[in-house]
Structures are given as structure tokens and as C-alpha cells.
Amino acid sequence: MKIVVDANIALALVMPLAYSEQAHRQFAIWVKDSTELVAPTLWSYEVVASLRKAVATKWLTPERAESA
């Protein structure tokens, strides 16, 4: 099975969001089941833009955003 991963799910794996716990649980299930994860073409741009915004608003440190 293929799953299209929304950028917000990926962000919840590296940032403390309200739904991060659920995202981690779901991701673990996908890994266990060897689910093929795919992303739309603009996915990486969405993730980077969100990380930059988190740094600009001092919600994440630049170092934490870089490691994410």
C-alpha cells in the first residue's frame, strides 16, 4: 500500500505539535507494515517553509530546525 504523507504529519514528527503523539504512533505502524510513503512534489518546500517560520517566531532553534 502507498500512503501520501502530508507535510504536517512530517512536521509533527520533528516539532512538538498537538497531534505529534498520534503522528509518531501512525508512523511506527507504517514502518512496521513496510508501507510505501510518498510525497507530492512541493512537499519539501512546505516542510522547509514551516521550519523557517518556526525559527523566525522562535518556536524552534535554528539548530533544531536544521536537524529536522
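Reckoned from all heavy atoms, side chains included, excluding hydrogens, waters and symmetry mates. All figures in this text were calculated on a predicted structure; none of them were measured in a lab.
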I'd like a table of donor-acceptor pairs (distance under 3.5 Å, sequence neighbours excluded) in which one partner is a side-chain atom from residues 6-13, with atom names and distances.
| from | atom 1 | to | atom 2 | distance (Å) |
| --- | --- | --- | --- | --- |
| Asp6 | OD2 | Asn8 | N | 2.9 |
| Asp6 | OD2 | Asn8 | ND2 | 3.1 |

Check your understanding: Does Glu66 have any side chain to side chain contact (heavy atoms under 4.5 Å, CB included) partners at least two apart in sequence or in another chain, and if so, which?
Key ->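 Expected list: none.
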**Study point:** Partners passing side chain to side chain contact (heavy atoms under 4.5 Å, CB included) against Val4 (at least two apart in sequence or in another chain)
**Key:**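 Per chain and number, Val4 pairs via side chain to side chain contact (heavy atoms under 4.5 Å, CB included) with Val38, Pro40.
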Exercise for review: Can you run down the side-chain hydrogen bond (donor to acceptor under 3.5 Å, both in side chains) pairs that involve residues 30-42, sequence neighbours left out, and say none if there aren't any?
Suggested key: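 Qualifying pairs: none.
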Review point. Who passes side-chain hydrogen bond (donor to acceptor under 3.5 Å, both in side chains) against Glu21, sequence neighbours left out?
Key: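 With sequence neighbours excluded, Glu21 shows a side-chain hydrogen bond (donor to acceptor under 3.5 Å, both in side chains) to Arg25, given in chain and number order.
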Exercise for review: For Arg64 and Val14, indicate whether the former's side chain and the latter's backbone hold a donor-acceptor pair under 3.5 Å.
Suggested key: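 Checked: pair present.
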Check your understanding: For Leu51 and Ala65, which heavy atoms make the closest approach, and how far apart are they?
Key ->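 Closest heavy-atom pair between Leu51 and Ala65: CD1-O, 4.0 Å.
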Check your understanding: Going from CG on Leu37 to CE on Met1, what distance comes out if it is rounded to the nearest 0.5 angstrom?
Key ->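 One gets 10.0 Å once the value is rounded to the nearest 0.5 Å.
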**Study point:** From CA spacing to verdict: side-chain contact (heavy atoms from CB on, under 4.5 Å), Met15, Trp59
**Key:** CA-CA 9 Å; Met15 293 172 44; Trp59 202 54; 2.8 Å; yes
May I have the list of side-chain donor-acceptor pairs in residues 42-50 shorter than 3.5 Å, sequence neighbours left out?
| from | atom 1 | to | atom 2 | distance (Å) |
| --- | --- | --- | --- | --- |
| Trp43 | NE1 | Val5 | O | 3.2 |
| Ser50 | OG | Glu46 | O | 3.1 |

